[in-house]
Every structure is written in C-alpha cells, then in structure tokens.
Amino acid sequence: MSYELQVLNPATEEVVASVPATTAAEVDAAVARAAKAQQGWSAAAPADRARLLRRFAVVVDEHLGELAQLEVREAGHTIGNARWEAGNVRDLLDFAAGGVERLSGRQIPVAGGLDITILEPLGVIGVIAPWNFPMPIAAWGTAPALAAGNAVLLKPAETTPLTALRLAELALEAGLPQDLFQVLPGAGDVAGSALVEHPGVAKIVFTGSTRVGKSIMARCAERVKRVTLELGGKSPNIVFADSDIEAAVAATPMSFLDNSGQDCCARTRILVQRSVYDRFMELLAPAIESVVVGDPADEKTQMGPLISRVQLDRVRSYVTDELQGIRGTAPEGPGFWFPPTVLTGLAPDAPAACEEVFGPVAVVLPFEDEADAIRLANSTEYGLSGSIWTRDIGRAIRVSRAVTAGNLSVNSHSSVRYWTPFGGYKQSGLGRELGPDALTAFTETKNVFISTEA
Ligand code: NAD
C-alpha cells in the first residue's frame, strides 16, 4: 500500500516536505536491481571503484552547504554541527576509497601447497539509520560497504529522509553505477522489516534503539544474516578530585547537550568524587545556564530543538517538577524545545539515572573512591562511551581498563573519529564500525588451498 512521510522542521513545526515511502514490494524490486549492480561493481578494477568513491567525496564536498542547510531544516541540528556532519560523509568516502586497493587477503604457510585467503564482498547490504545523525550514520555503513565491493540499500529514519535522498542523487552525479546505492525512505516496520527479512540482503547494519536492535538481531538469526548493531547508551563522565576541575566543568555542558542530547555517546551520568562535588556544582550552574539555545540556523546557537513531539514528550516524562537541579533556558512557542537540565539528588537506579533519555538531561551522582566510581560507571545495561577526568596517569589507565564500554576518552569527551573503531559493549551493540577494519566487516573470508603435489 502506498504512503507518504511528512518531514517537519523541528524548530518551527512547519512541513518541509512530503516524501513517497517505500512499500515491501518496492524493497523487493530494489534488492533485485542492487544485486545486479553489485555484480558489475565487484568485478570492476579496484582503482576504478576507488576513483568513483573519491569523486563521490568531491561531489559531496561541492554540496556541503546545501546538505548542511537541509540537515538544519529536517533535523534541527545547529548549522555548525550540520556542516561537520556533511564533511564527515565526504571524509568517510575518501577514507573508504583509500581502502579499496588495500583490501587484501593473506598467504598462510602450509605443507604441500599454497594457502591464501580471499576477502569477498557480501553482496547487498541493508543500512537502517536513525534520525539523530542522519548523514554520518548513513555513511558509516554505506562508504565501507561500497568500498568493499557491495551494493547498499539505505533506509533512513521516517523523520529525516531528505539528506539521504540527496546523497543518492549526488552518488549518481559522481558516476556511481545506477542502483548500486539506493535510498528507500519508509516506515521501520514496512521498509525496514522488508530489508531485514529479505533473503537477498546479506547483512543489516542497524543504528537505533536497543529495543528495535534486539528484534532485528532475532530476525537476522532466522537466516544467520550478518548484523552490526549500534544501540543506545548511558555514558559516564567520571570526574576525580585530582582532575583539573575547571577544565572538567567547562567540557561538561556540551558533552551531553550537543545535538540536544540526542547522541548515543552523550555523557549523561556525571559521576563526581564527593570531596569536590560542591565545587563542581557551583561552577557547573552558570556553565549550563549560559548555553545558547535557539534557532539552529543561527551561527551562535549551541543547542537546537528535539527532533519531534514524541521525543519531547519522552524527555518530559523523565523530568518532573519536584526534581532538583540546574535548568537552562529554551524558546517558548512552536518547535520541540526543552531546556538544558541537570538533575541532582537521584538514586543511581532512578529511571533518569540509568535509562537513556535521549534529550538534554544529565544526572550528577557523587562517588567516594576509584572502586565506587567504577562500580557506578558499570551499573547500567549499556556500555558505549565514557570519559575519565584525572591528572593521575595510572588511574586513567586503570579506570579505562575497568569501565566496560567501547569508546573511552581521558580528559576529553571525544570518541568518534572515522579512522578509529566505534561500537558498544553489553546492550549498546554488537560489532564495530569505522576504523582500520571498517571494510573487512563487509566481506567474507574464503580460504583456498592449492596443492603443489598434483
Ligand atoms: P529506532 O530504533 O526507533 O529507529 C531506528 C531505525 O530503525 C529507523 O530507521 C526506523 O525506521 C527503523 N526501524 C524501526 N522499527 C523497525 C523494525 N521493526 N524493523 C526494521 N527497522 C525498524 O531509533 P530512533 O528513535 O530512530 O533513534 C534513537 C535511538 O538510536 C536511541 O536509542 C540511540 O541511542 C540510538 N542510537 C545509537 C547509536 C550508536 O551508534 N550506538 C547512534 C545513534 C543512535
């Protein structure tokens, strides 16, 4: 049955576009076309594939401003962030292009012959993306999958299909073969499910909620379909008394307010050693209150709206009036606005302290010593990111080893670079994206023994 997606500007609630959505039958046809295109693509000379991906990167770069503006309108991202996001797509394409000619197998010593491994593309890859970083997350799966010789069918989130559709047009403009990279906007339980259940799709790369991720993993298991999951997080920001407290405070607001907190790596559990707790809170209040929240198209804005009314209601449900803490400001009127919020006095197992809010809300919890900090940091079902603030190098290494999360940073909140691996422990995910092995995740290893005795 045909249907449409309505794209709203989250800052104004105005309709930006209506997009025809993909039906299950259309997914079926897209898989058949992609499989055909993939055969020619994987047979092409590596240098030619690399050249086309580099050209795709150049075309994205030429349209950086346009893509960024589109992201501001459909996702409410600040213009500064949106430019970075479009640049991230370009950089990923360049990085993946550099891997095409380097994607080689091995020669393993055996008696009586020659043993080699061949890295073969999987075929057609389904990339299912969320709305919080529509462009980068789409590219994290798409760029290395194409570079490794696969075709890609990308299903963007219902609320943010526009940049993905534009990227597909730019791919054709760059000269990528028709049908090799197709964008299929649509509902998760229609177009998304059709990709997950299609026997012609060899692997699903999913980024989104843990709830949907579990259901996708279960359905992929039916076919032993390959799957990568990038799911939720509730990441700690651990501030020890021996750290540079001023630096730790200065970095705290945007560690959970960037992208209005709709970031799976957001440091939303701020753990502060009790001996510096009062000092930390005293410095944090003005830092939170001065965050500039407003029109995302304005260069000075640090935080924009939430993506949708659904998300706004979800965030509100965690922040009831009687809770104590620090509240910043947000615009009144149309748009999905919520102020920067820091909650104090909560038990570590309170919903706001251990569930993923996915909004501009953090909790501060005091801890006594290193062992207590590690225990608190590990006491959620998630394990995606985390930060450790200390001047003691031994402690930095000990705590980095002890925290069960995939992406940690010391005296910084940085965790995502396209050339370093990214992914979660525990219920934050399965598998890794980005980094030196990004292309290998889109291949099967075939071992061939050639006898010299015959
Ligand atoms: P979501 O799980 O609702 O949707 C993600 C994608 O899955 C969308 O494209 C959606 O249409 C699709 N989908 C929904 N139901 C489906 C189904 N039954 N079958 C197949 N596809 C289906 O998540 P969301 O609300 O779009 O994104 C927010 C969540 O994503 C947060 O929980 C966040 O932590 C997580 N996230 C994780 C990472 C990471 O790298 N770990 C990155 C970004 C977002």
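Counting from 1, the numbers follow the sequence of the chain as shown. Every value quoted in this text rests on a predicted model; they were computed, and no experiment measured them. Just follow the structure's listing: the first ligand is 1, and inside any ligand the first atom is 1.
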Under 6.0 Å from the ring centre and within 45 degrees of the ring axis: does the NZ or CZ of Arg395 meet both conditions for the six-membered ring of Phe240? yes
Pi-cation contact, Phe442 with Lys203 (under 6.0 Å, within 45°):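 That pair qualifies as a cation-pi contact.
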For Pro185, which residues count as a side-chain contact (heavy atoms from CB on, under 4.5 Å) partner, sequence neighbours excluded? Leu5, Val19, Thr22, Pro156, Pro161, Leu165, Val183
Is it true that the side chains of Arg432 and Thr420 contain a donor and an acceptor less than 3.5 Å apart?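 Looking only at side-chain atoms, Thr420 and Arg432 do not form any donor-acceptor pair under 3.5 Å.
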Which residue is it: Tyr318, Tyr382, Trp131? I am looking for the one with a ring pair (Phe, Tyr, Trp, His ring centres under 6.0 Å) to Phe358.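 The option that passes is Trp131.
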Got a sec: does the CZ of Arg102 have more than 12 other heavy atoms crowding it under 6.0 Å?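 Atom CZ in Arg102 is not crowded, with 12 or fewer foreign heavy atoms closer than 6.0 Å.
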Contact (N/O only, under 3.5 Å) between [X] and ligand 1:
X      : answer
Pro130 : no
Glu356 : yes
Trp140 : no
Thr207 : no
Ser209 : yes
Ala129 : yes
Glu158 : yes

Nearest neighbour in protein (non-hydrogen) for [atom]:
atom                    : value
atom 14 (C) of ligand 1 : Gly188 CA, 3.7 Å
atom 19 (N) of ligand 1 : Arg219 NH2, 3.0 Å
atom 44 (C) of ligand 1 : Asn132 ND2, 3.1 Å
atom 25 (O) of ligand 1 : Trp131 NE1, 2.9 Å

Which is closest to atom 12 (C) of ligand 1 by heavy-atom distance: Leu195, Ile128, Thr210, Ile137?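 Minimum heavy-atom distance to atom 12 (C) of ligand 1 goes to Ile128.
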Which residue from Ala191, Pro156, Cys264 reaches closest to atom 38 (C) of ligand 1 through any of its heavy atoms? Cys264
When rounded to the nearest 0.5 angstrom, what distance separates CZ in Phe336 from CD1 in Ile307?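 These two atoms lie 8.5 Å from each other.
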Does ligand 1 have any atom sitting under 4.0 Å from a heavy atom of Gly429?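 Checking ligand 1 against Gly429, which is what was asked, there is no heavy-atom contact under 4.0 Å.
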Should Phe133 be listed as contacting ligand 1, given a heavy-atom distance under 4.0 Å as the test?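 Contact check Phe133 vs ligand 1: negative.
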I'd like to check atom 4 (O) of ligand 1 in this structure: does the protein have a heavy atom lying under 4.0 Å from it? no
